[in-house]
Amino acid sequence: MANKDKKYENKKNINAAETNTGIFKDGMKYLMNTYTRQPVVFEKAKMQYLWDIEGNKYIDFTSGYGCLNVGHSNKEVVEAIKKQVSKIIQPSNIYFSQPQVMLAKMLSELTGFGGKVFFANSGAEAIEGAIKLARKYSTDKYNKQRYEIISFKNSFHGRTFGALSATAQAQKQTLFEPLLQGFRYAAINDMDSVNSAINDSTCAILIELIQGEGGINVCDKKFIASLRKICKQKDILLIIDEIQTGFGRTGKLFAYENFNIFPDILVMAKSLGGGMPIGAIIAGDEINRAFVPGTHGSTFGGNAASCAAGVAVLNYFKKNGIIEKSLEIGKYLQSGLKGLKEKYPSKIKEVRGMGLMLAIEFFLPIASELISSGLENKLVLNKVSDFTVRFLPSLVINKKNVNSLIAFLEKKLKGANDNGKDKKN
C-alpha cells in the first residue's frame, strides 16, 4: 500500500460503481468511443502527481498531452481561476475583459515581434484561425489564387477539417476524405521537397519545429534558417505551430527561440491555460490587419476565466524560474534515456527531442506494453506508435521522478525478449 493515499487506507465497502473498473464500464457505455481509454479514473492531481479514485498515487509523464507545464492544479492558477469566476466568466467578445487584455499584452511583449493576439478555445481552433488569416492576408495583397499552404509529413495540427487537412498523416485523413483543398505536403529537413511544393499559389508554410504526435521529430536549424529565408524572399507567411512546444517545453519560452528566428504567425494553446481551454494566434500588424470585424470570431474564445489562468501561468514562470529548471531536468532525463540506449542497443533505436519534449523509439513493438505496465507501476506514459513512447511531463518534475521512470524502463527492457514480450510469459 506504499502508493496508497492515507485518506483511502481505511475506506471500507467501496461502492463498485465508484471504482476504476466501475466508472470505466459506465464510461464505455455512455461516451463515444473516440479514444483508446486506459482502465484508471483520476480523481485528483497536484503538480506532477495524479491519484485515482481508489487512492493510488501516480507520477505523470504526459501532463495531459503537454497541457500542464506548470503542473496539475497549480495553486496560483487555481486561485486565479476561483477569483475570476466569482466575478465574471464571459462578458461576450464585443467587450474587453481585463484578464483578456492583460494576457494579450503579456504575450505580445514576451513573443518579441510586436504582434496582436486573437484568442480561441483550443489549438485546433487557433490553427483554423491561422489558416484563415494567412489566406485573407494573401488574397487581399495579391489575388484569390494565392491560397495554398504547405505543411509537413508526419505533422499534427488538429482534428477539425482545416487542421486535419494540414495534418499530413494518411491514417488520420483517409476516413474523412475529401479534405479541404489548398494543402501541399513536404518533408521536414528537406528543402528540395519544400522548393518543389512552392508555386505561384503558395501563401504560407505551416510547421511544428518539433513534431509531437509525429514522434518527436526535431527540425534541423539550417533547414529552418533556409525556410525562413525563402519565405521572406517570396513573401510567403511562416506559420509556426507551438501548441505543444510552447511555454518552456523545449528549454525556451517558445521553441522558435532555439532557432533564432521569428514567425509571421504564431499559434499556441495547451499549457497557456494551465489546464483551462484556450488557444491563441499572434501576428504582426501588416498581417493581423487582414482580420476586421466580421471576418473571424469565437463565442468563448478568450473568456475571462481562461485568460486569468493564462496570466497566472506566465507569472508563475517568471517568479519560479521554471524554464531554467526544466532545461536542467530535461538534460537529466535525456541522459538517463541515452544511458538505456547504450545498455540496450539491440532494443532501443533512438532517443530524440529537446528540453522536456522527448521520445524513445524501440526496435520492438513494445510501446503498448509499456503504457499498460506503466500504469501498474504507477507511471502515466504515452505512446505515439507501437514502437515509440513520448515524454511530456510537467516542467516541475524532479530527479527522483526521473529515476523512477528510468528504473521502470530498464526493468522492462531487461525482461523483454526480441518480440517485445516479457520473457516470463
Side-chain angles (χ1 to χ4, degrees), residues 1-11 14 16-28 31 35-75 77-78 212 216 244 249 270-271 274-275 322 325-326 329-330 332-333 336-337 340 353 356-360 366-384 388-413 415 422:
M1 187 144 336
N3 286 315
K4 215 66 154 174
D5 191 307
K6 288 184 179 180
K7 88 172 207 181
Y8 294 88
E9 287 185 11
N10 298 317
K11 196 171 182 179
I14 298 174
E18 296 178 352
T19 62
N20 288 319
T21 301
I23 295 174
F24 181 83
K25 286 181 178 178
D26 278 352
M28 293 301 291
L31 287 163
Y35 304 94
T36 303
R37 305 275 188 175
Q38 299 297 320
V40 62
V41 179
F42 293 118
E43 184 183 41
K44 71 170 187 174
K46 193 67 179 174
M47 304 307 275
Q48 69 267 47
Y49 301 109
L50 291 161
W51 286 262
D52 69 22
I53 198 160
E54 295 172 19
N56 299 299
K57 182 181 179 182
Y58 302 72
I59 305 170
D60 184 9
F61 284 92
T62 68
S63 66
Y65 292 124
C67 285
L68 299 148
N69 288 6
V70 297
H72 289 275
S73 299
N74 179 290
K75 183 178 179 180
V77 175
V78 170
I216 312 298
Q244 198 168 110
R249 177 60 59 187
K270 285 191 181 288
S271 275
I322 297 301
K325 291 176 184 175
S326 72
I329 202 71
Y332 186 75
L333 174 54
L337 295 174
L340 291 176
L356 277 171
M357 187 174 183
L358 300 168
I360 185 167
I366 197 175
S368 292
E369 164 62 22
L370 288 174
I371 303 313
S372 58
S373 184
L375 279 179
E376 293 171 8
N377 286 269
K378 306 303 176 282
L379 300 172
V380 180
L381 306 174
N382 168 244
K383 73 168 192 172
V384 289
T388 305
V389 174
R390 172 178 56 172
F391 305 103
L392 294 171
S394 296
L395 307 186
V396 297
I397 63 162
N398 56 45
K399 290 184 178 181
K400 184 179 179 181
N401 302 146
V402 171
N403 291 342
S404 297
L405 171 66
I406 298 300
F408 163 75
L409 292 172
E410 179 156 25
K411 182 180 178 181
K412 295 301 295 183
L413 288 166
D422 197 307

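Positions are given from 1 along the sequence. None of these values were measured; they are calculated from a predicted model.
Within the 4.5 Å cutoff, the side chain of N74 has heavy atoms near those of the M47 side chain. With a 4.5 Å cut-off on side-chain heavy atoms, K44 and W51 count as touching. P39 has its side chain out of reach of N20: every pair of non-hydrogen atoms, C-beta onward, lies at least 4.5 Å apart. For the pair K378/K57, no side-chain contact is recorded, criterion being any heavy-atom separation below 4.5 Å from C-beta on. Counting heavy atoms from C-beta outward, L333 and L405 have side chains that approach closer than 4.5 Å. Contact check for L337 versus I406: side-chain heavy atoms found under the 4.5 Å cut-off. With a 4.5 Å cut-off on side-chain heavy atoms, N401 and P393 do not count as touching.
Closest approach of Q244 and M357 over heavy atoms only: OE1-CE, 3.2 Å. The minimum heavy-atom distance between R249 and L356, with the atom names listed, is NH1-O, 2.7 Å. Residues A367 and K383 come closest through the heavy atom pair CB-CB, 3.8 Å. Closest heavy-atom contact between L379 and S404: CD1-O, 4.2 Å.
Between H72 atom NE2 and Q48 atom CD the span is 9.0 Å, to the nearest 0.5 Å. Here S63 contributes atom OG and L395 contributes atom CG; the two are 7.5 Å apart, rounded to the nearest 0.5 Å. Going from atom CG of L358 over to atom CZ of F391 covers 8.0 Å, rounded to the nearest 0.5 Å. One distance of note links CD1 of I322 with OG of S394; it measures 10.0 Å at 0.5 Å rounding. Taken from OG1 in T388 to CD1 in I366, the straight-line distance is 12.0 Å, to the nearest 0.5 Å. Rounded to the nearest 0.5 angstrom, I360 CD1 and I216 CD1 are separated by 12.5 Å.
Checking side-chain atoms of S271 against main-chain N and O of N69 turns up a donor-acceptor pair under 3.5 Å. Under a 3.5 Å cut-off, the side chain of D52 and the backbone N or O of E54 do form a donor-acceptor pair. In this structure a side-chain-to-backbone donor-acceptor pair under 3.5 Å is present from S372 to E369.
None of F408, Y49, F42 except one satisfies the ring pair (Phe, Tyr, Trp, His ring centres under 6.0 Å) rule with Y58; the exception is F42.
For the residue pair Y332/N403, the side-chain donor-acceptor check at 3.5 Å is satisfied.
With a 6.0 Å radius and a threshold of 12 heavy atoms from other residues, nucleotides or ligands, Y65 has its OH atom at or below the threshold. Residue-environment remark: NZ (K25) stays at or below the threshold of 12 foreign heavy atoms within 6.0 Å.
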For a side chain to side chain contact (heavy atoms under 4.5 Å, CB included) check, start with the C-alpha distance between V380 and Q38, then their side-chain angles and the critical distance, and finish with the verdict. CA-CA 10 Å; V380 180; Q38 299 297 320; over 6 Å; no

